[in-house]
Number of protein chains: 2
Amino acid sequence: MKHEDFHQHSHHNHNDCIDTALETAETLCAEQGQRLTKVRRRALELIWESHRPLGAYQLLAKLAEEGFNSAPPTVYRALDFLLGAGLIHKVESMNAYLGCAHADKAHKGYFLICDECHNVMEFDYQDIHAALIEKAAHQGFELRAETIELTGLCAKCKEKSVGASA
Amino acid sequence: MKHEDFHQHSHHNHNDCIDTALETAETLCAEQGQRLTKVRRRALELIWESHRPLGAYQLLAKLAEEGFNSAPPTVYRALDFLLGAGLIHKVESMNAYLGCAHADKAHKGYFLICDECHNVMEFDYQDIHAALIEKAAHQGFELRAETIELTGLCAKCKEKSVGASA
DNA sequence: GTTTTACTTGTTATATCATAACAAAATTCT
DNA sequence: AGAATTTTGTTATGATATAACAAGTAAAAC
Ligand SMILES: [Zn+2]
Ligand SMILES: [Zn+2]
Ligand SMILES: [Zn+2]
Ligand SMILES: [Zn+2]
C-alpha cells in the first residue's frame, strides 16, 4: 500500500505518520548540521496534525496558543526553514503548507487537490518529471523547480456526489 | 516557428502579438455574448504590453493613470472576466497574470518561468496533459484544472551566466 | 571558560494580494 | 418607457508576506 493510498483511508492512525515524520526530520537536520529548534519542531508537528494544508496564519494562531511569539515573522521563519530542509511543501494554488512524507528523498512535490473536501494527496511520478526536464531542455531551459498542482474531485467526493444525485 | 520560440526572440514586433490577441478577444467575446468593455479591453492590452506577468496592483496603477477607477475591485473584476474567458492565465507561483496567445483553443496553461529575468513562456504539451489525466484517474481522481509552473534558467540567461564565468 | 562569531528569535511596522457588501450607473430585454 | 440584468463605483476589510533592527542564544575559536 502506497503512502498516498494509505492516507486516503480514513481509519489509519495518523499519529504514526506524525511520529515518523518527526523522527525523519530530527535525523535529516542532525545529518545536515541544521537545528530543529522548539518552534520549528512544533510547527512541523502542527502542520502534520492538521493532515491537510495549513495556512501560515492558521499555524501562527496554533503556535500563539501554546505560548510562542505571535508575530508573523515567527511562523514565516519556521516555514522557510522547513521548506528549505524539504520537510514541507508549499501548495502555491492554496497558499498553504503540507508535510512531506518523503523528506528523506529529494523530490518535487506533485499534488492532487480536491475542490470539494480540500484534501491534498502528494504523488510521485518519475515519468512526468523526466518528460518535463526533457521538454524544458529542448527549449534551452534548465529546470530547477516544479509546481505541479492538479485540482478536481477525489474518489471519495466523486462517490458522494454520485450517491446524492441518484 | 512556434509562438513560444517566437516570443523568445527579442526582435519580433510585439505590437503584432497584442493586435492579434485583442482581435481574438473581440471575436471570442462576441461569439459567447460576453461584453469586452473598455476597462476589460484596456486591462488585456496592458497585460499584453508588459510582455511578462503583471501583478494585479501593477495593472491597477496603469489603469488608474489612464483615468479608470483606482480601487482594487476594478482590476480584480477585469482579471476575473479575462480569466473566465480564457484570455489570460494566472501564474500562481508569482501571483501575476499573463496574456494567453492561444485563447481560441481551450487548454491548460503550462509555464516555464525564468528565475533570473522573470520572463515566462507558455508551452503546450499534450503528452503531459494526457499522462496527468491518466495518473489522476488511476487514483480515482477526476481532474478539472492543472497548475504546471516550472522555474529555472532560460536559454538567454544561461548563456549570460556562462559568459560571465568564462 | 571566556571571547568571538554565527545563528535564532523578538518586535514593530509595512508591503502585497484579494474580497465583501452595497449603492449607482449603464446596458439589454420586453 | 419600464423592468431585469449586468457592470461599475465606493468604502472597508481580510489574508498573505516581508523589511529592518534589536535582543538573545548556541556554537566555535581561542
Ligand atoms: Zn514531498
Ligand atoms: Zn474530496
Ligand atoms: Zn494559454
Ligand atoms: Zn531568463
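A, B, ... follow the sequence lines: proteins, then strands. Residue 1 opens every chain. Just so you know, these numbers use all the heavy atoms, side chains as well, and skip hydrogens, waters and symmetry mates.
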A:Asn69 near the nucleic acid: base, sugar-phosphate alone, or nothing, with a heavy-atom cut-off under 4.0 Å?
base
Output the rounded distance in Å from CG (B:Leu36) to C1' (D:dT7).
13 Å
B:Glu92 CD to C:dA18 C1': how many Å, rounded?
12 Å
For the side chain of A:Pro72, starting at C-beta, report the closest nucleotide among D:dT18, D:dT16, C:dC17.
D:dT18
Report which part of the nucleic acid B:Lys90 touches: base, sugar-phosphate, or nothing (heavy-atom distance under 4.0 Å, all strands).
sugar-phosphate
Holding to salt bridge (Lys or Arg N to Asp or Glu O under 4.0 Å), I want the full list of residues that pass it with A:Arg144, two or more places apart in sequence or in another chain.
B:Asp115
Separation of C:dC17 atom P from B:Leu79 atom CG, nearest Å, is 12 Å
If a protein heavy atom is under 4.0 Å from the base, mark B; if only from the sugar-phosphate, S; if neither, -; do that for nucleotides 20-30 of chain C going 5' to 3'.
BB-----S---
Return the nearest nucleotide to the side chain of B:Thr37; candidates are D:dT7, D:dA17, C:dT19.
D:dT7
In terms of the angle between their ring planes, are A:His129 and A:Tyr110 parallel, tilted or perpendicular, with boundaries placed at 30° and 60°?
tilted
Comparing B:Ala56 with A:Ala71, nearest DNA chain C nucleotide closer to 5' gives the residue A:Ala71
When we call it a touch if two heavy atoms are under 4.0 Å apart, what does A:Tyr97 touch: a base, just sugar-phosphate, or nothing?
sugar-phosphate
For the CD atom on A:Gln32, are there more than 12 heavy atoms of other groups (residues, nucleotides or ligands in this structure) within a distance under 6.0 Å?
yes
